[in-house]
Undergrad: 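Mind looking over this structure? Questions follow.
Not measured: the values here are computed from a predicted model. Both backbone and side-chain heavy atoms feed into the values below; hydrogens, waters and symmetry mates do not.
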Amino acid sequence: QVYLAESGGGLVKSGDSLRLPCAASGPTLARNAMGWFRQAPGAGREFVATTNWGESTTYYADSAKGRFTISRDNGRNMLYLQMNSLKPEDTAVYYCVAKIGMVPATEEDDYEYWGQGTQVTVSS
């Protein structure tokens, strides 16, 4: 069983930056695609970003392009989401995800493993 634990969420102001780490435990995920989703109040889960093992293939949601950066440290089983120029509409619970297989995906049904989520609130 794989366990994912996000941290780093909090209350920030519009324009601030925040870095979300995700620690993975259990079988190594070095060869698996990992990513981030988010869920705003009253909304469904939304894809944010994903990357493969070597970060040679990375996808971002349009809302994240140019502001967010996904990265991973496979030796430490860590995934990160660097978020810059945050906006109030980025307010959501952010989930770290991992899938069986190396190919990144943008649909939530493609991911077998989910963390509990970390709350990010951006005030205007």
Undergrad: Can you find a heavy atom in the side chain of P88 that is under 4.5 Å from one in the side chain of S123?
TA: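 Side chain of P88 against side chain of S123, heavy atoms only: no contact under 4.5 Å found.
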Undergrad: Return the minimal non-hydrogen interatomic distance between S63 and R67, and the atom names on each side.
TA: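 Shortest heavy-atom contact: O-NH2, 2.7 Å.
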Undergrad: For residues L79 and T51, report the shortest heavy-atom separation together with the two atoms involved.
TA: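 Distance-wise, the nearest heavy atoms are CD1-CG2, 4.4 Å.
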Undergrad: Quick one: disulfide bond (SG atoms under 2.5 Å apart) pairs with a partner in residues 55-85, sequence neighbours left out?
TA: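 Qualifying pairs: none.
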Undergrad: Check whether any side-chain heavy atom of F68 lies under 4.5 Å from a side-chain heavy atom of L86, and answer yes or no.
TA: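 Answer yes - side chains close enough.
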Undergrad: Does the side chain of S71 reach to within under 4.5 Å of the side chain of E55, using non-hydrogen atoms?
TA: yes
Undergrad: Checking W114 against R45 for the side-chain contact (heavy atoms from CB on, under 4.5 Å) test, could you report, in this order, the C-alpha distance in whole Å, the side-chain angles of both residues, the deciding distance, and whether it holds?
TA: CA-CA 12 Å; W114 291 71; R45 287 177 175 174; 3.5 Å; yes
Undergrad: What residues form a side-chain contact (heavy atoms from CB on, under 4.5 Å) with A40, not counting sequence neighbours?
TA: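 Scan of A40 (side-chain contact (heavy atoms from CB on, under 4.5 Å), adjacent residues dropped) gives A43, A92.
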Undergrad: Checking D73 now: which residues fulfil salt bridge (Lys or Arg N to Asp or Glu O under 4.0 Å) with it, not counting sequence neighbours?
TA: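 Here the qualifying residues are R76.
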Undergrad: What I'd like to find out is whether the side chain of Y60 reaches to under 4.5 Å of the side chain of T69, using heavy atoms alone.
TA: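 Y60 vs T69: side chains touch.
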Undergrad: Side chain of K87, backbone of T91: donor and acceptor closer than 3.5 Å?
TA: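 Judged by distance alone, no pair lies under 3.5 Å.
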Undergrad: Would you mind reporting whether L20 and E6 have side-chain heavy atoms less than 4.5 Å apart?
TA: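 No, their side chains stay 4.5 Å or more apart.
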Undergrad: Kindly compute the distance separating CD (Q1) from CD (E112), expressed to the nearest 0.5 Å.
TA: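 Separation between the atoms: 11.0 Å.
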Undergrad: With a 4.5 Å heavy-atom cut-off, do M34 and C96 have their side chains touching?
TA: yes
Undergrad: Residues in side-chain hydrogen bond (donor to acceptor under 3.5 Å, both in side chains) with Q82, at least two apart?
TA: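 Residues passing side-chain hydrogen bond (donor to acceptor under 3.5 Å, both in side chains) with Q82: N84.
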Undergrad: Do N52 side-chain atoms and A33 backbone N/O form a donor-acceptor pair below 3.5 Å?
TA: no
Undergrad: Is there a chain of hydrophobic side chains (I, L, V, M, F, W, Y, each step under 4.5 Å between heavy atoms) that links L81 to V120?
TA: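 Same cluster.
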Undergrad: I need the Q39 CD to Q119 CD distance, nearest 0.5 Å.
TA: 10.5 Å
Undergrad: Ignoring hydrogens and geometry, is there a side-chain-to-backbone donor-acceptor pair from Y113 to I100 under 3.5 Å?
TA: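 No; judged by distance alone, with no hydrogens or angles, the pair does not exist.
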Undergrad: According to salt bridge (Lys or Arg N to Asp or Glu O under 4.0 Å), who are the partners of D109, at least two apart in sequence or on a separate chain?
TA: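 Partners of D109 under the salt bridge (Lys or Arg N to Asp or Glu O under 4.0 Å) test: none.
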Undergrad: Would you say the ring centroid of F47 lies under 6.0 angstrom from that of W36?
TA: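 Ring centres of W36 and F47 not closer than 6.0 Å.
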Undergrad: Show every salt bridge (charged side-chain N to carboxylate O under 4.0 Å, His left out) that has at least one partner inside residues 32-44, sequence neighbours left out.
TA: R38-E46, R38-D90
Undergrad: What's the shortest heavy-atom distance between S85 and S17, and which atoms?
TA: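 Smallest interatomic distance, heavy atoms only, reads N-OG, 4.3 Å.
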Undergrad: For the residue pair Y3 and Q116, establish whether any side-chain heavy-atom pair is separated by less than 4.5 Å.
TA: no
Undergrad: Please determine if D16 and K13 form a salt bridge, counting it only when a charged side-chain N lies under 4.0 Å from a carboxylate O.
TA: no
Undergrad: Run M78 and C22 through side-chain contact (heavy atoms from CB on, under 4.5 Å) and show every step you take.
TA: CA-CA 6 Å; M78 294 292 295; C22 170; 6.0 Å; no
Undergrad: Give a yes or no on whether Y59 and F37 share a hydrophobic cluster (residues Ile, Leu, Val, Met, Phe, Trp, Tyr; joining criterion: side-chain heavy atoms under 4.5 Å apart).
TA: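 Yes, because Y59 and F37 connect within a single hydrophobic cluster, where side-chain heavy atoms sit under 4.5 Å apart.
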Undergrad: Is the terminal nitrogen or CZ of R72 (NZ for Lys, CZ for Arg) located under 6.0 angstrom from the six-membered ring centre of Y80 and within 45° of that ring's axis?
TA: no
Undergrad: Do Y95 and I70 sit in the same hydrophobic cluster, where Ile, Leu, Val, Met, Phe, Trp and Tyr count as joined when their side-chain heavy atoms come under 4.5 Å apart?
TA: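 Each belongs to a different hydrophobic cluster.
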Undergrad: Following the transitive rule for hydrophobic clusters with a side-chain heavy-atom cut-off under 4.5 Å over Ile, Leu, Val, Met, Phe, Trp and Tyr, establish whether Y94 and L4 coincide in one cluster.
TA: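 In one cluster: yes.
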